[in-house]
Amino acid sequence: MRQILLSLLVSIPLVACSTKETPGHHHESAASTQAPAAAPPPTNAPQDRAASTRPHADHNARHGGLVTMEGDNHVEVVVGADGAIDLYVSDAIRTPIPPKDVSGTITIEPKGKGEKQTLTLAPNEAKGSLSAKGPAPDNGDYTWDLKVRGAPMKMTLTVPASGTAAFADAPAGHPAGDHAHGSPHGGVVQSLAGGHVEVKLEKTGDITVWMLDSAEKPRSAKGVTASLRPVVAGAKETQLAYDEKADVLRGKIDPIKQEHVDGVLGITPAGGTATSLRFAFHLEGHAGHDGQKGHDHAGHDDHAGH
């Protein structure tokens with residue numbers, strides 16, 4: 001017994017010395033002998049760091065535009081009401097890709113009057129973008145055709161008359177972030193004049209749109225016209241049809257392969273005015289997504305995204 005106690009007494013200081021002298025453990029040992037430091041103020045930094053290092057976890061707009069994704073690259077497209085066009089390219093974790101590593105064109109196809117035109121995108125080192133100057137937007141299709149470090153990236157976006165700012169702005173009377181939204185049917189909810197609209201996109205490609213009142217209770221979708229364009233390569237704008245029995249709007253596109261997909265909904269309420277809204281859909285691991293609670297007006301809870 002005495003030999004065991006003696007062995008323990010001898011081993012304790014040896015362990016302490018060993019810990020102190022082992023590279024990489026000095027600070028840990030010192031910290032254990034000092035009073036604990038005051039707790040740092042609350043911060044969102046750990047969450048932000050996690051999002052910034054997880055591929056395709058961040059689809060938040062950083063320049064007031066709309067973020068799109070193809071393969072491992074992202075493009076935030078910004079179209080001003082004056083026709084100015086800026087494309088900000090980044091990699092899978094949204095690290096900016098220098099404009100010198102990207103080249104391409106953007107084709108504008110008006111839906112009304114005007115001729116189709118293709119513009120060469122020029123590097124703008126000051127902004128960190130590829131830029132061009134086109135006509136004032138008017139619900140036309142903008143198709144960019146890029147080579148990003150040798151990888152092709154082509155996508156089309158319908159841009160309303162006010163430019164891409166319309167995708168980030170909440171409707172009048174509901175400033176962005178004024179309240180959180182629920183998810184009555186497992187979709188994504190945003191404010192719309194006179195109430196709300198809920199959109200559900202499933203991996204099967206099925207689209208359902210519900211009209212909701214100010215309390216997010218169902219209201220009739222009769223007389224509402226709408227279309228949805230998923231912001232994925234090759235996707236086309238899909239007109240939605242009224243389902244009288246269910247009192248909803250429905251449509252179908254090709255099955256979705258991505259886990260995070262943005263979509264642009266063009267909607268005109270009965271007797272109302274046309275509005276474009278951006279939605280972010282999270283489709284991880286199942287045909288639909290039924291857990292999207294508390295979405296803000298930008299449609300991200302976070303992938304922020306995509």
Side-chain angles (χ1 to χ4, degrees), residues 56-57 59 66-71 74 139 141 143 154-158 160 167 181-192 195-213 216-270 272 274-306:
H56 310 300
H59 286 178
L66 182 76
V67 177
T68 68
M69 178 185 75
E70 182 178 355
H74 297 82
N139 294 305
D141 285 347
T143 301
K154 186 174 182 178
M155 202 165 296
T156 299
L157 178 69
T158 302
F167 301 137
H181 290 140
S183 182
H185 305 94
V188 184
V189 177
Q190 288 205 53
S191 294
L192 189 66
H196 300 83
V197 59
E198 179 178 4
V199 182
K200 187 173 184 178
L201 174 64
E202 303 184 56
K203 275 202 168 181
T204 57
D206 291 288
I207 305 164
T208 309
V209 174
W210 293 267
M211 300 301 292
L212 308 173
D213 63 17
E216 297 186 11
K217 301 297 182 184
R219 59 173 174 159
S220 180
K222 188 174 183 178
V224 178
T225 60
S227 63
L228 182 74
R229 181 195 289 276
V231 188
V232 296
K236 296 182 179 180
E237 187 172 17
T238 300
Q239 294 296 322
L240 307 180
Y242 177 59
D243 181 338
E244 185 173 3
K245 184 176 181 180
D247 199 12
V248 298
L249 300 175
R250 296 191 188 278
K252 188 173 180 62
I253 59 174
D254 292 335
I256 301 294
K257 297 179 180 179
Q258 293 91 333
E259 291 185 345
H260 300 158
V261 178
D262 276 16
V264 176
L265 180 75
I267 184 167
T268 305
T275 302
S276 293
L277 297 172
R278 177 185 60 181
F279 287 80
F281 303 100
H282 295 239
L283 310 173
E284 299 94 329
H286 44 76
H289 185 69
D290 56 4
Q292 299 202 43
K293 302 292 185 182
H295 287 268
D296 62 20
H297 291 264
H300 289 264
D301 63 342
D302 172 289
H303 290 272
H306 133 156

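Note that this is a predicted model, so its numbers are computed, not measured. Scope of the values below: all heavy atoms of this structure, side chains included, with no hydrogens, waters or symmetry mates.
One distance of note links NZ of Lys203 with CD of Glu259; it measures 5.5 Å at 0.5 Å rounding. The structure places NZ of Lys200 at 11.5 Å from CZ of Phe281, a figure rounded to the nearest 0.5 Å.
A pairwise comparison of heavy atoms in Ala226 and Leu249 identifies CB-CD1, 3.8 Å as the closest pair. Nearest heavy-atom pair across Pro230 and Val261 is CB-CG1, 4.2 Å. Taking every heavy atom of both residues into account, Ala270 and Val224 meet most closely at N-CG2, 3.9 Å.
With hydrogens and angles ignored, the 3.5 Å screen pairs a side-chain donor or acceptor of Lys252 with a backbone N or O of Thr204. In this structure a side-chain-to-backbone donor-acceptor pair under 3.5 Å is missing from His196 to Gln190.
Contact of the Ile207 side chain with the Leu201 side chain is registered, since non-hydrogen atoms from C-beta on lie closer than 4.5 Å. Side-chain contact between Val248 and Glu198 is absent, with no heavy-atom pair separated by less than 4.5 Å. Residues Thr68 and Leu157 are not in side-chain contact: their nearest non-hydrogen atoms beyond the backbone lie 4.5 Å or more apart. Taking the side chain as every heavy atom from C-beta outward, Leu265 and Leu240 approach each other to under 4.5 Å. Between Tyr242 and Asp247 there is a side-chain heavy-atom pair separated by less than 4.5 Å. Counting heavy atoms from C-beta outward, Val189 and Pro184 have side chains that approach closer than 4.5 Å.
Every residue two or more places apart in sequence or in another chain was checked for a side chain to side chain contact (heavy atoms under 4.5 Å, CB included) with Lys236, and none qualifies. In this view, Thr158 and Lys111, Asp141, Arg229, Glu237 satisfy the side chain to side chain contact (heavy atoms under 4.5 Å, CB included) rule, not counting sequence neighbours. Arg219 pairs by the salt bridge (charged side-chain N to carboxylate O under 4.0 Å, His left out) definition with nothing, not counting sequence neighbours. For Lys222, the salt bridge (charged side-chain N to carboxylate O under 4.0 Å, His left out) criterion is met by no residue, not counting sequence neighbours. The side chain to side chain donor-acceptor pair (under 3.5 Å) search around Asp243 returns Arg250, not counting sequence neighbours. Every residue two or more places apart in sequence or in another chain that forms a side chain to side chain contact (heavy atoms under 4.5 Å, CB included) with Thr225 is listed here: Thr268.
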Apply side chain to side chain contact (heavy atoms under 4.5 Å, CB included) to residues Met155 and Val231 and explain how you reach the verdict. CA-CA 7 Å; Met155 202 165 296; Val231 188; 3.6 Å; yes
